[in-house]
Protein chains: 2
Amino acid sequence: MHKTKRQQKILSLIRTRRIGTQQELSAMLERAGFVATQSSISRDLEELGVVKHHGYYTMPRAKEGASARGLLGLDPAGDCLVVAKCEPGMASSVAVEIDRAAIPEIVGTLAGEDTVFIAVLERKAQRAVLKKVLELFG
Amino acid sequence: MHKTKRQQKILSLIRTRRIGTQQELSAMLERAGFVATQSSISRDLEELGVVKHHGYYTMPRAKEGASARGLLGLDPAGDCLVVAKCEPGMASSVAVEIDRAAIPEIVGTLAGEDTVFIAVLERKAQRAVLKKVLELFG
DNA sequence: CGCGGTTATGCGCTCGCTTTGCATAACTGG
DNA sequence: CCAGTTATGCAAAGCGAGCGCATAACCGCG
C-alpha cells in the first residue's frame with residue numbers, strides 16, 4: 001500500500017526537519033517520490049497522531065505519569081500487534097493492569113521482562129487499543 | 001457485514017437444532033432472513049470450522065480435557081497470530097505441547113505466564129492452526 | 001472584526017479485495 | 001453405480017479504503 005510508506009516518510013521527515021505547514025510537507029514528500037494532496041496529508045497526520053507544537057509538527061512523547069506504573073512507550077506493529085515498552089521487570093504488572101481493564105479489542109497479552117506484546121483483533125482495533133491503553137495509564 | 005451475522009446465525013442454529021444438510025440450513029437461514037446459496041453455506045462452515053458428526057453439523061468443542069492440560073481458550077488475532085489463553089502458570093507447558101506437535105503452519109510460539117502467542121504464516125494457516133491445536137487438546 | 005494562510009471535511013470517484021452465485025466437479029453412503 | 005450432498009473455479013457484484021476536489025472551519029494578527 002502506498003499510504004503506509006508515505007506515512008513512514010512523513011514521520012521520518014518531521015523527525016529530521018522542522019516543518020511548519022502541510023504545504024512544505026507536501027513538497028518534501030514529492031521530492032521523495034510521494035505525490036499527495038494537502039487533504040491526504042491532513043488525514044495522515046491525524047491518523048499518525050502527529051501534533052503541531054511551537055509551530056512545527058512533532059510526534060507527541062508518551063505520557064509522563066505512565067512511567068510511574070512501568071509503562072514507557074506504546075507502539076503499533078504490523079496490523080494486529082501493539083508493543084508496550086516497560087521499565088525493567090515491570091512488564092508483567094503492566095500486562096496485568098491491561099488485562100484487568102478488559103478492553104474488548106484485545107485478544108491477549110504476553111509479558112516478557114521489559115516488553116508486553118498485545119494482540120488485537122485487526123487494524124482498526126489497533127488504533128482503539130493504543131488510545132485506550134494510553135488513557136488507562138495517562 | 002452480512003456474512004458475519006449469517007455465520008453467527010449458523011452457529012446458533014447448529015447449536016439448537018439437529019441439522020443434517022446444507023439445504024436444511026439454507027432453509028432455516030432463509031426463515032431467519034438470511035438468503036444464502038449452498039455455496040456460501042459450504043464456505044461458511046469451512047470457515048467456522050464446523051464439522052459433520054454422526055450425520056449432524058456441530059462445533060467441535062475444546063473445553064473438556066483441554067483445561068486439564070492448561071488450555072482455556074484459543075482465538076485468532078489479525079492475520080498471522082493465534083492467542084492461547086491458559087491457566088496461570090500453564091502457558092509454558094501448553095506451548096511445549098504445541099511445539100511438540102510440530103504443526104507445519106506454525107512459525108513459532110512464545111509463552112508468558114498465562115498466554116501463548118502462536119505465529120502462523122498467514123490467514124489460511126491461521127484457520128488450520130486453530131483447528132489442529134483444538135484437536136490436539138480435545 | 002476582517003483577512004490571508006492553514007487545516008479539516010463532505011462528497012463522490014476509483015480501485016482492489018471480499019463475498020457471492022452459478023455451474024459443475026468431487027465426494028459419500030448405500 | 002446412483003442419488004444426494006458438498007466443494008470449487010470462475011466471473012460478477014458488493015463494499016470499503018484511499019484519494020482529490022472543492023469548500024468550510026479555524027487561527028493568528030493587525
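Throughout, a chain's letter reflects where its sequence line sits, starting with A, and its residues are numbered from 1. Just the heavy atoms: all of them, side chains too, but no hydrogens, waters or symmetry mates, feed the values below.
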- Given the rule in the side chain to side chain contact (heavy atoms under 4.5 Å, CB included) test, do B/Val51 and B/Thr58 qualify, once you have shown the distances and angles that lead to the verdict? CA-CA 6 Å; B/Val51 296; B/Thr58 59; 4.1 Å; yes
- Message: What I want to find out is whether B/Glu24 reaches B/Arg17 closely enough, with some N-O distance under 4.0 Å, to be called a salt bridge.
- Response: no
- Item | Separation of D/dT8 P from B/Glu47 CD (nearest whole Å) | 13 Å
- Starting at atom CG of B/Leu25, determine the distance to atom C1' of D/dA7, rounded to an integer number of angstrom. 15 Å
- Message: On DNA chain D, does the nearest nucleotide to A/His2 precede the nearest nucleotide to B/Leu45 from the 5' side, or the other way round? Give the residue.
- Response: B/Leu45
- Is any N or O donor-acceptor pair between the side chain of B/Glu46 and the base of D/dA7 shorter than 3.5 Å? no
- Atom CG of A/Asp44 and atom C1' of C/dT9 are separated, to the nearest Å, by 15 Å
- Can you tell me if the side-chain N/O atoms of A/Thr21 get under 4.0 Å from OP1 or OP2 in C/dG5? no
- Task: Measure the distance from NZ on B/Lys3 to P on C/dT18 and round it to the nearest whole Å.
- Result: 9 Å
- For C/dT7, take OP1 and OP2 only and decide whether either is under 4.0 Å from a side-chain N or O of A/Lys52. yes
- Assign each of A/Gln23 and A/Arg43 the nucleotide of DNA chain C bearing its closest heavy atom; nearer the 5' end lies the nucleotide of A/Gln23
- Message: D/dG18, OP1 or OP2 - any side-chain N/O from A/Arg6 closer than 4.0 Å?
- Response: no
- Task: Could you check how far CD of B/Glu24 sits from P of D/dG4, rounded to whole Å?
- Result: 14 Å
- Query: Can you list the steps and then say if A/Asp44 with A/Val50 is a side chain to side chain contact (heavy atoms under 4.5 Å, CB included)?
  - Reply: CA-CA 9 Å; A/Asp44 282 344; A/Val50 171; over 6 Å; no
- Query: Which part of the nucleic acid, if any, lies within reach of A/Ser39 when heavy atoms closer than 4.0 Å are counted: base, sugar-phosphate only, or nothing?
  - Reply: base
- Which part of the nucleic acid, if any, lies within reach of A/Gly20 when heavy atoms closer than 4.0 Å are counted: base, sugar-phosphate only, or nothing? sugar-phosphate
- Note on the structure: A/Tyr56 atom OH is separated from C/dT7 atom P, nearest whole Å, by 13 Å
- Message: Whether the side chain of A/Thr37 and the base of D/dC21 hold a donor-acceptor pair under 3.5 Å is what I'd like checked.
- Response: no
- Check A/Ala32 against A/Lys9 and note the closest heavy-atom contact, atom names and distance. CB-CE, 3.6 Å
- Item | Nucleotide C/dA8, atom C1' - distance to CD of A/Gln38 in whole Å | 8 Å
- Steps toward side chain to side chain contact (heavy atoms under 4.5 Å, CB included) verdict (A/Leu81, B/Phe117): CA-CA 11 Å; A/Leu81 258 193; B/Phe117 276 18; 4.0 Å; yes
- Message: Expressed as a whole number of angstroms, how long is the span from A/Ile41:CD1 to D/dC21:C1'?
- Response: 15 Å
- Query: Is any side-chain N or O of A/Ser42 closer than 4.0 Å to OP1 or OP2 of C/dT7?
  - Reply: no
- Identify which nucleotide among C/dT7, C/dG21, D/dG20 has an atom closest to any side-chain atom of A/Gln22, counting heavy atoms from C-beta outward. C/dT7
- OP1, OP2 of C/dT7 versus side-chain N and O of A/Tyr57: anything below 4.0 Å? yes
